[in-house]
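As structure tokens, the structure follows; a few thoughts come after it.
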Amino acid sequence: ALAAAIDNYRAAHAAHLAEAERARELLAVNRYILFDLDPHLSHLDHALALRAALAERSQSYLNRLGTLPGADVDVRIQAAKGFQRLASIQDYPGEASLGQPQAALTSLDRATALIGTLRGTEAGRLFAEIRMDAARIRMFGLGDLTGAKRALADADLRLKRLGPGALPLQ
């Protein structure tokens with residue numbers, strides 16, 4: 001019985017390590033698409049369809065990362081940063097974006113859901129940044145002043161909980 005329990009533990013541990021490796025691989029591919037490739041494409045004429053396709057693919061990767069059982073804190077934070085960057089590609093007032101404010105807000109909501117319960121300065125600052133991004137999109141992309149105020153209040157509350165050492169944001 002003890003040998004079977006040890007074998008089960010080893011199998012579960014190996015599966016967990018394999019899942020963690022898949023998460024790191026998805027994060028790496030996604031990071032390349034969102035942070036390395038897209039900034040170059042945003043300056044090219046006639047790249048809108050390609051950017052939209054890459055954003056859709058990236059969203060698929062991020063959705064998978066967001067649903068991994070037992071994802072560790074770093075994976076959740078990195079996936080949230082990916083959703084935040086994806087939102088800026090989908091809609092960022094004043095910048096070259098896909099002009100999809102609702103999709104951007106959905107991405108920001110997913111980012112918030114990934115880190116909303118995490119504690120610590122990094123997660124708290126990221127949460128506040130994401131809520132400020134949502135306020136910007138609501139205000140300038142949708143003309144939703146009430147929603148923008150609500151998002152800013154969420155950011156303000158989280159920053160107050162962190163204390164004065166959390167500022168300035170990057």
Side-chain angles (χ1 to χ4, degrees), residues 19-42 51 54-98 100-142 144-170:
E19 193 69 26
E21 180 60 28
R22 281 192 290 281
R24 282 191 294 279
E25 289 171 1
L26 280 175
L27 281 171
V29 169
N30 205 50
R31 198 172 10 253
Y32 173 73
I33 291 171
L34 293 174
F35 294 93
D36 297 335
L37 187 57
D38 185 76
H40 296 293
L41 294 175
S42 68
R51 290 183 74 211
L54 287 172
E56 188 175 311
R57 174 60 57 150
S58 187
Q59 186 167 22
S60 172
Y61 292 153
L62 289 168
N63 287 338
R64 285 176 52 198
L65 283 166
T67 60
L68 286 177
D72 65 23
V73 171
D74 186 53
V75 168
R76 290 170 63 186
I77 287 174
Q78 293 307 313
K81 287 179 180 180
F83 273 120
Q84 183 185 29
R85 175 68 181 127
L86 175 61
S88 73
I89 293 167
Q90 291 166 325
D91 190 75
Y92 196 89
E95 298 289 328
S97 69
L98 300 177
Q100 302 171 340
Q102 290 298 340
L105 289 174
T106 298
S107 293
L108 293 175
D109 287 345
R110 289 184 176 148
T112 301
L114 281 171
I115 62 166
T117 59
L118 296 180
R119 299 289 172 241
T121 302
E122 182 180 13
R125 290 173 72 170
L126 181 57
F127 181 92
E129 288 175 9
I130 290 166
R131 297 307 293 149
M132 286 186 276
D133 287 347
R136 182 177 20 257
I137 292 168
R138 287 191 176 285
M139 182 67 192
F140 300 110
L142 298 173
D144 175 11
L145 180 59
T146 302
K149 284 180 179 179
R150 194 170 40 251
L152 288 174
D154 291 346
D156 185 54
L157 179 63
R158 182 58 72 97
L159 289 174
K160 284 179 180 173
R161 286 183 189 157
L162 291 174
L167 295 174
L169 297 178
Q170 297 173 353

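What you see below is based on every heavy atom in this structure, not just the backbone, and it leaves out hydrogens, waters and symmetry mates. Numbers for residues simply follow the sequence, beginning at 1.
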**Message:** Please determine whether side-chain contact (heavy atoms from CB on, under 4.5 Å) holds for the pair Ser88 and Glu95, giving the CA-CA distance in whole Å, both sets of side-chain angles, and the decisive distance to 0.1 Å.
**Reply:** CA-CA 9 Å; Ser88 73; Glu95 298 289 328; over 6 Å; no

**Item:** Test side-chain contact (heavy atoms from CB on, under 4.5 Å) applied to Leu162 and Arg125, step by step
**Value:** CA-CA 8 Å; Leu162 291 174; Arg125 290 173 72 170; 4.1 Å; yes

**Asked** Is there a salt bridge (charged side-chain N to carboxylate O under 4.0 Å, His left out) between Asp156 and Lys160 once you walk through the steps?
**Response** CA-CA 6 Å; Asp156 185 54; Lys160 284 179 180 173; 3.0 Å; yes

**Request:** Run the numbers on Leu26 and Val75 for side-chain contact (heavy atoms from CB on, under 4.5 Å), then give the verdict.
**Result:** CA-CA 10 Å; Leu26 280 175; Val75 168; over 6 Å; no

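Residues satisfying the side chain to side chain contact (heavy atoms under 4.5 Å, CB included) criterion with Arg150, sequence neighbours excluded, are Thr146. Listed by chain and number, the residues in a side-chain hydrogen bond (donor to acceptor under 3.5 Å, both in side chains) with Asp38 are Arg51, Arg85 (sequence neighbours excluded).
The number of heavy atoms from other shown groups lying within 6.0 Å of CZ (Phe35) is above 12. Environment of CD in Glu56: sparse, with no more than 12 heavy atoms of neighbouring residues, nucleotides or ligands closer than 6.0 Å.
Counting only distance, with no hydrogens or angles, the side chain of Ser58 and the backbone of Leu54 share no donor-acceptor pair below 3.5 Å. Between the side chain of Arg158 and the backbone N or O of Ala153, no donor-acceptor pair lies under 3.5 Å.
Within the structure, salt bridge (Lys or Arg N to Asp or Glu O under 4.0 Å) pairs that include any residue of residues 58-82 comprise Lys81-Glu122 (at least two apart or interchain).
If you take CD1 on Ile33 and CD on Gln59, they are separated by 12.0 Å, rounding to the nearest 0.5 Å. For the atom pair CD (Gln78) and CG (Leu114), the distance works out to 11.5 Å, reported to the nearest 0.5 Å. Here Ile130 contributes atom CD1 and Ser107 contributes atom OG; the two are 10.5 Å apart, rounded to the nearest 0.5 Å. In this structure, CG on Asp133 lies 6.0 Å from OH on Tyr92, to the nearest 0.5 angstrom. In this structure, CD1 in Ile77 is found 11.5 Å from CG in Leu27, a value given to the nearest 0.5 Å.
The shortest distance between side-chain heavy atoms of Thr112 and Phe127 falls below 4.5 Å. Side chains of Leu126 and Leu118 form no contact here, defined as non-hydrogen atoms less than 4.5 Å apart. Between Glu129 and Gln84, some side-chain heavy-atom pair lies under the 4.5 Å cut-off. Looking at Asp91 and Pro93, their side chains come closer than 4.5 Å, going by heavy atoms from C-beta outward. Counting heavy atoms from C-beta outward, Glu25 and Val29 have side chains that stay 4.5 Å or more apart. In this structure the side chain of Arg110 reaches within 4.5 angstrom of the side chain of Asn63, judged on heavy atoms.
Residues Ile115 and Ala80 come closest through the heavy atom pair CG2-CB, 3.6 Å.
Side-chain contact check for Ser97 and Gln90: no donor-acceptor pair (N or O, by modelled atom type) lies under 3.5 Å.
Tested against Pro101 for a side chain to side chain contact (heavy atoms under 4.5 Å, CB included), the candidates Ile137, Thr106, Asp144 yield a single pass: Ile137.
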